[in-house]
There are 2 protein chains.
Amino acid sequence: MYGVHRGTFYGRWTPYTCQGNDGPTAAVRSAREETGDIATQIEAAAQPRLPLSKERILGTAVALADEGGIDAVSMRKIAQALGVVPMALYKHVRNKDELLDGMVDAIVGEIDPPAVGIDWKTTIRQRILSARQVLLRHPWASRVIEARTRARPDPTPAVMDYMESMVGILRAGGFSIDLTHHALHAMGSRLLGFSQELFEDSPSADPMPDAPPPQEMAARYPNITELVTAITHEQGSVVGPGCDDQFEFEFALDLLLDGLERLRTST
Amino acid sequence: MYGVHRGTFYGRWTPYTCQGNDGPTAAVRSAREETGDIATQIEAAAQPRLPLSKERILGTAVALADEGGIDAVSMRKIAQALGVVPMALYKHVRNKDELLDGMVDAIVGEIDPPAVGIDWKTTIRQRILSARQVLLRHPWASRVIEARTRARPDPTPAVMDYMESMVGILRAGGFSIDLTHHALHAMGSRLLGFSQELFEDSPSADPMPDAPPPQEMAARYPNITELVTAITHEQGSVVGPGCDDQFEFEFALDLLLDGLERLRTST
DNA sequence: ACCTGAACACCGTTCAAGT
DNA sequence: ACCTGAACACCGTTCAAGT
């Protein structure tokens with residue numbers, strides 16, 4: 001089960017994990033201000049009164065990623081934003097992998113705690129949708145989580161807490177151990193609020209200069225063209241917004257939850 | 001719908017896409033031999049009789065990724081394996097992004113074509129399981145597909161062919177356009193054979209040196225511990241193989257397919 | 001006209017020199 | 001003992017020099 005049964009899930013426990021669930025952490029908030037504009041950066045460089053800490057480093061890293069994507073996060077750039085020499089970071093973070101781990105944990109810590117006294121399905125549903133909102137605020141995070149997962153099997157501490165809570169909800173809701181196990185696998189990455197779409201739905205500004213003409217597309221891809229045409233017309237505008245991602249996410253989520261509920265009551 | 005309704009899906013059409021479905025492509029096979037051992041590499045460097053081509057470059061890149069992961073793929077290393085100066089690659093590939101696109105298309109081209117004359121569910125099921133086998137042979141591919149998806153919305157040509165075929169199967173199976181649309185979203189990345197597991201199940205050789213003692217784990221994560229214990233005992237050995245990934249994948253896939261079948265017949 | 005070596009602007013991390 | 005600048009081994013890509 002997720003590789004945790006071989007003792008490989010004993011993640012290192014680090015203090016920065018214990019953070020509230022009231023939105024962005026203090027470290028992230030202060031770092032946003034720090035990297036918010038160039039004047040502040042220069043000031044920070046001139047007067048590094050605050051002592052460096054793992055929390056400040058992680059906050060700056062998250063802010064950089066939120067603003068410029070994960071490629072904007074490098075040891076050198078974090079150091080620059082903090083007005084510090086790159087090597088200074090290595091006193092608080094072993095290497096870049098540990099930095100990414102810390103960033104993931106800070107994000108996962110933002111997910112709302114589970115509701116209490118409600119049926120399992122509503123509780124799980126709300127929590128997953130909360131996780132989705134958090135990851136929509138930090139679009140880089142799901143890719144970091146996924147890359148980290150492949151590199152090292154032991155989940156980070158905050159992810160462990162999250163999973164523990166999810167398993168508890170299912171067990172309390174009457175799921176057998178086996179069905180709980182299968183349920184976790186079935187929901188997969190949706191547990192953390194992201195479903196990997198094969199194609200991005202973002203509004204691409206560039207209209208694809210070397211695109212084949214529509215007739216050729218319709219001939220080559222008749223079924224896709226039909227689908228695209230129907231959805232475009234349904235929304236009443238040719239350049240309207242794309243799919244309702246929220247609806248599609250909930251559609252798939254409910255398909256799974258309803259199926260699990262059926263299996264739960266059938267045994 | 002996957003962003004394709006805004007005309008952004010007119011992927012560039014390149015000749016290397018048109019490949020059979022009989023396993024690894026010729027380019028990949030020959031490149032495997034080329035990079036197979038050092039002697040061959042040196043020989044290739046000494047006698048570059050074969051002219052450089054996009055196919056040879058892609059084949060070498062795929063072989064390098066299969067052997068050493070995606071980090072082993074760099075313009076410089078590909079050139080070295082081909083006995084060529086790095087800049088020579090840029091005559092056949094615009095940049096590294098285009099190279100990755102080509103690698104993805106070569107892999108997707110390996111997926112079995114759909115069976116004919118069978119019900120929609122079996123056909124879709126078989127095809128997705130075939131895609132899964134392909135991606136298990138090339139563990140780097142799903143991550144590249146996902147990263148590419150976020151960077152640019154238009155799918156690569158081979159992916160477009162695959163999607164067109166999938167949509168056709170659903171439509172022929174009696175799905176309405178709307179339900180076809182939702183079905184594609186619901187299956188998400190499973191369509192291409194990978195479900196993003198939150199935790200990797202690979203046998204990690206290192207036993208986590210700084211792991212907390214089991215009692216502490218059991219106290220902190222009682223539900224997870226119960227799950228892990230049950231699954232370990234179920235398999236009868238403490239260090240036995242992990243979860244049955246194939247089973248879990250099919251469990252989730254069937255949950256979705258059964259749910260879709262119910263929706264299909266209910267309208 | 002073509003090919004390619006050097007160079008540019010990065011990166012994470014090591015290591016020894018300076019305080 | 002601590003901090004840090006230079007250096008190392010990479011990377012993708014530009015560009016001008018050489019043929």
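We name chains A, B, ... by the order of the sequence lines, and we start the count at 1 in each one.
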If you apply the rule side-chain contact (heavy atoms from CB on, under 4.5 Å), what do you find for A/I224 with B/M163, and how did you get there? CA-CA 8 Å; A/I224 292 180; B/M163 296 298 301; 3.9 Å; yes
Show, in sequence, the C-alpha distance, side-chain angles and deciding distance for B/I107 and B/W140, and conclude whether the side-chain contact (heavy atoms from CB on, under 4.5 Å) test is met. CA-CA 10 Å; B/I107 297 313; B/W140 50 270; 3.6 Å; yes
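A/K91 places its NZ atom 10 Å from the C1' atom of D/dT4, with the value rounded to the nearest Å. Separating the CG atom of A/L82 from the P atom of D/dC3 is a distance of 16 Å, rounded to the nearest angstrom. Residue A/L99 contributes atom CG, which lies 14 Å from atom C1' of C/dC11 at whole-angstrom precision. The distance from atom CG of A/N95 to atom C1' of C/dC15 is 17 Å, rounded to the nearest whole Å. Rounded to an integer number of Å, the gap from OH of A/Y90 to P of C/dC11 is 11 Å. Atom CZ in B/R94 sits about 16 Å away from atom C1' in D/dG12, given to the nearest Å. Rounding to whole angstrom units, CG of residue B/L52 and P of C/dC3 are separated by 10 Å. Remark: C1' of C/dG12 and CG of A/D71 are 14 Å apart, rounded to the nearest angstrom.
Of the side-chain N and O atoms in B/K96, none sit less than 4.0 angstrom from OP1 or OP2 of D/dC11. Close to D/dC11, at under 4.0 Å from its OP1 or OP2, lies a side-chain N or O of B/K77. For D/dG12, one of the phosphate oxygens OP1 or OP2 lies less than 4.0 angstrom from a side-chain nitrogen or oxygen of B/S74.
Here the nucleotide nearest the side chain of A/V85, chosen from C/dA7, D/dT4, C/dT4, is D/dT4. Checked against C/dT4, D/dA7, D/dT13, the side chain of B/R76 finds its nearest nucleotide in D/dT13.
A salt bridge does not link B/R220 with A/E164: every distance from a Lys NZ or Arg NE/NH1/NH2 to an Asp or Glu carboxylate oxygen is 4.0 Å or more.
Geometrically, B/R132 engages B/F249 in a cation-pi contact, judged by NZ or CZ lying under 6.0 Å from the ring centre and within 45° of the ring axis.
Here the side chains of A/I111 and A/Q133 are not in contact, with every heavy-atom distance at 4.5 Å or above.
Remark: C/dC11 base-pairs with no nucleotide in the shown strands. Criterion, Watson-Crick or G-U wobble with two distances under 3.5 Å. The partner of D/dG18 is C/dC2, by the rule that a Watson-Crick or G-U pair needs both atom distances under 3.5 Å.
As rounded to the nearest Å, D/dC8 and C/dA7 have P atoms that lie 16 Å from one another.
Residues A/M87 and B/V73 each lie close to DNA chain D; by heavy-atom proximity, the contact nearer the 5' end of the strand is made by A/M87.
Here A/M75 lies in heavy-atom contact (under 4.0 Å) with sugar-phosphate atoms only.
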